[in-house]
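First comes the structure, then the notes that go with it.
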Amino acid sequence: MSGAEAHHRHRDVQGGWLRPAVFGAMDGLVSNLGLISGVAGSSAASQTVVVAGMAGMAAGAFSMAAGEYTSVAAQRELVLAELAVERRELTTHPEAELAELAAVFENRGVDPELAREVAGQLSRDPEQALEIHAREELGVGPADLPSPAVAAGSSFVSFAVGAVLPVAPYLLGAQELWPAVLVSLVGLFLCGALVARITARPWWFSGTRQLALGAAAAGLTYLLGSAFGTAVG
């Protein structure tokens, strides 16, 4: 077998930008489709459905962005605090940290003498030593920390894009719910198919599953809206 034939590539198991973008859009689609279905089920006028849909899009997008910013910022601050502890330990107790790193290699099957030699060579550069210790002990590198602003911005945009799809037919003049449902279900199928890029599922399975979940959410909220509309009407 040649080197070219033996070479293989792995998919991005962390999802990269695709995971938050697809799931943010999917969240916006499902939540806003459910919202306008409930409002439409109450026999509200199309103008009311549009107002509810746009309000749901804005509220959901801002909520997603705020929540994503807060969670990522908190995670980043925690990691930075732990990195500061590790940096201090490398400065004040270098031998102990060296022995700790050597033990990591030993536990992976490296001979003790070789493990200590490798640990010593890697520890010559303080920043490299910090990165290795951080990856071994915290599971993250100093250069890999996510940006709260980027996370918030991507969540806001992806949610808004997904949430505007159910409202788009109404904005273009539709007076009934079915065009919004049709557009939303197509969008959900496409989002589900994209999820297959970061999972081991076939694209048609992921697409159909997401379509079914979105349809169930729309159907249930429509029935609830119809029941509430009859009750208060």
Side-chain angles (χ1 to χ4, degrees), residues 12 14-72 150-229:
D12 180 6
Q14 294 181 335
W17 62 269
L18 182 62
R19 186 194 62 81
V22 171
F23 284 102
M26 204 177 294
D27 191 12
L29 257 169
V30 173
S31 62
N32 226 26
L33 174 60
L35 174 61
I36 69 169
S37 295
V39 175
S42 69
S43 300
S46 60
Q47 183 180 4
T48 303
V49 176
V50 170
V51 172
M54 297 304 290
M57 180 194 71
F62 280 112
S63 176
M64 283 283 292
E68 195 72 16
Y69 184 93
T70 301
S71 63
V72 172
V150 171
S154 62
S155 295
F156 182 94
V157 172
S158 61
F159 185 97
V161 169
V164 80
L165 281 181
V167 191
Y170 282 98
L171 294 175
L172 295 175
Q175 299 296 314
E176 298 179 346
L177 178 63
W178 71 263
V181 173
L182 180 61
V183 169
S184 300
L185 293 182
V186 171
L188 284 168
F189 182 85
L190 293 176
C191 284
L194 280 174
V195 170
R197 289 193 57 185
I198 51 176
T199 67
R201 294 288 189 179
W203 63 270
W204 56 266
F205 177 86
S206 296
T208 303
R209 177 177 59 183
Q210 196 56 44
L211 186 151
L213 292 173
L220 288 173
T221 52
Y222 182 88
L223 292 175
L224 288 173
S226 180
F228 291 150

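Counting begins at 1 with the first residue of the sequence.
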For this session: Report yes if some heavy atom in the side chain of Tyr170 is under 4.5 Å from a heavy atom in the side chain of Leu177; otherwise report no.
Result: yes
Problem set entry | Donor-acceptor contact present, side-chain Ser71 to main-chain Gly67, <3.5 Å | yes
Exercise. Does Val39 reach the side chain of Thr48, with side-chain heavy atoms less than 4.5 Å apart?
Worked result: yes
For this session: Could you tell me whether the side chain of Thr221 and the main chain of Gly34 form a donor-acceptor pair under 3.5 Å?
Result: yes
Exercise. Does Val183 reach the side chain of Pro166, with side-chain heavy atoms less than 4.5 Å apart?
Worked result: no
Problem set entry | Phe189, CZ atom: more than 12 neighbouring heavy atoms under 6.0 Å | yes
Exercise. Atom CG of Leu188 and atom CG of Leu211: how far apart are they, to the nearest 0.5 Å?
Worked result: 6.5 Å
Exercise. Does the side chain of Val157 come within less than 4.5 Å of Val161's, by heavy atoms?
Worked result: yes
Exercise. Hey, is the main chain of Ala152 close enough, under 3.5 Å, to the side chain of Ser155 for a donor-acceptor pair?
Worked result: no
Exercise. Does some side-chain heavy atom of Ser63 sit less than 4.5 Å from a side-chain heavy atom of Phe159?
Worked result: no
Exercise. Are any of the side-chain heavy atoms of Val30 and Gln210 separated by less than 4.5 Å?
Worked result: yes
Exercise. Is the closest side-chain heavy-atom distance between Met57 and Val167 below 4.5 Å?
Worked result: no
